[in-house]
Amino acid sequence: MAEVDSGGGGGGKKGSKKTSTKVDMTAMVDLAFLLITFFMLTTTMSKPKTMELNMPDKTKNQDDIQKVKESKTTTIILGKKNRVFYYTGIQDPKMEVTDYSPSGIRKLIMQKRKTIQDPIFIIKPMDESRYANMVDILDEMRITGAEIYSLVDITPGDMELVDKYKQEHNITD
């Protein structure tokens, strides 16, 4: 049992002997542990935040693939050093480069949404890009309200376009 001895006893006059006061601390310790347990069990812990990403089914039949207009499609390639390469269409694409700033890729996505009805964005991360870049571009799609986008593997043709752009603009990694 836990006790607090507050007082008295011994030294002074012989005739007046004081009795010591003892306070039992057991109930207070029990109460403290009950309160700690109560608040630990009733507190809401932070829930993990996840990003919802719906992936399309793998189609084996080429007839099931939807055809889309080239003018509505913008391909976004995630590169090294937070670079974002992009081009519109497939025939004779004109490669451009930007970054993840609000005046970069966000401005591009907003501009496409204003000028084109239901634009389609194809996101292709390179092997050298970081996972954070993919999360950033998916966040930008959500922030800008882009509804139609797809995350796909990069093709050798896209790699050639990026390499050609880097050579023309003297970009070294």
Side-chain angles (χ1 to χ4, degrees), residues 33 35-173:
F33 279 113
L35 287 172
I36 289 171
T37 305
F38 172 77
F39 286 116
M40 282 177 55
L41 294 176
T42 58
T43 301
T44 305
M45 301 295 177
S46 62
K47 293 185 170 76
K49 296 177 181 167
T50 59
M51 181 183 305
E52 185 177 328
L53 181 63
N54 297 324
M55 299 296 285
D57 292 334
K58 297 277 185 187
T59 57
K60 294 181 182 175
N61 188 357
Q62 291 291 1
D63 297 335
D64 293 340
I65 297 175
Q66 270 188 324
K67 306 289 183 194
V68 295
K69 290 183 178 179
E70 283 185 45
S71 61
K72 293 178 86 170
T73 305
T74 300
T75 302
I76 300 172
I77 301 171
L78 311 178
K80 265 187 185 179
K81 296 185 179 178
N82 297 329
R83 288 192 190 105
V84 181
F85 300 93
Y86 64 93
Y87 62 88
T88 301
I90 298 172
Q91 301 292 329
D92 193 31
K94 183 178 180 253
M95 181 74 72
E96 298 289 331
V97 69
T98 188
D99 57 12
Y100 292 96
S101 68
S103 62
I105 192 67
R106 187 179 300 173
K107 184 177 177 182
L108 169 79
I109 296 169
M110 293 300 287
Q111 180 184 5
K112 294 287 183 183
R113 289 197 62 232
K114 286 179 185 174
T115 58
I116 301 170
Q117 182 181 2
D118 297 328
I120 300 167
F121 298 97
I122 301 173
I123 303 166
K124 298 181 178 185
M126 294 173 67
D127 291 338
E128 299 87 22
S129 67
R130 300 180 326 162
Y131 181 76
N133 295 145
M134 185 183 69
V135 172
D136 290 343
I137 196 70
L138 293 175
D139 284 344
E140 291 297 332
M141 292 294 162
R142 184 171 294 238
I143 289 168
T144 58
E147 295 176 0
I148 306 172
Y149 57 90
S150 177
L151 186 63
V152 297
D153 294 330
I154 193 163
T155 62
D158 291 325
M159 291 297 294
E160 289 175 13
L161 284 172
V162 170
D163 290 339
K164 182 179 173 184
Y165 182 85
K166 286 180 181 179
Q167 288 175 357
E168 289 174 357
H169 295 87
N170 296 325
I171 297 175
T172 57
D173 287 326

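If you're wondering where the values come from, they're calculated on a predicted model, not measured in any experiment.
Thr73 meets the side chain to side chain donor-acceptor pair (under 3.5 Å) test with no other residue; sequence neighbours excluded.
Evaluation of the side-chain hydrogen bond (donor to acceptor under 3.5 Å, both in side chains) test over residues 114-131, restricted to residues two or more places apart or in two chains, returns Lys124-Asp158.
Put simply, CG on Leu151 and CZ on Phe121 are 14.5 Å apart, with the number rounded to the nearest 0.5 Å. Atoms OG1 and CD1, on Thr75 and Ile154 in that order, are 10.0 Å from each other to the nearest 0.5 Å. For the atom pair Met110 CE and Arg113 CZ, the distance stands at 6.0 Å (nearest 0.5 Å). Distance check, rounded to the nearest 0.5 Å: OG1 of Thr98 to CG of Leu108 gives 7.0 Å. Between the CD1 atom of Ile137 and the OH atom of Tyr149 there is a distance of 10.5 Å, given to the nearest 0.5 Å. Atom-to-atom distance recorded for Tyr86:OH and Leu78:CG is 14.0 Å, nearest 0.5 angstrom.
For the pair Lys72/Ile148, no side-chain contact is recorded, criterion being any heavy-atom separation below 4.5 Å from C-beta on. Using a 4.5 Å heavy-atom threshold, the side chains of Met95 and Tyr87 count as touching.
The two residues Gly79 and Asn133 have their closest heavy-atom pair at O-OD1, 4.0 Å. Considering all non-hydrogen atoms of both residues, Ile76 and Val84 come closest at CG2-CG1, 3.4 Å. Counting all heavy atoms, side chain and backbone alike, Val152 lies closest to Pro125 at O-CD, 3.6 Å.
With 3.5 Å as the limit, one finds a donor-acceptor pair spanning the side chains of Thr88 and Lys112.
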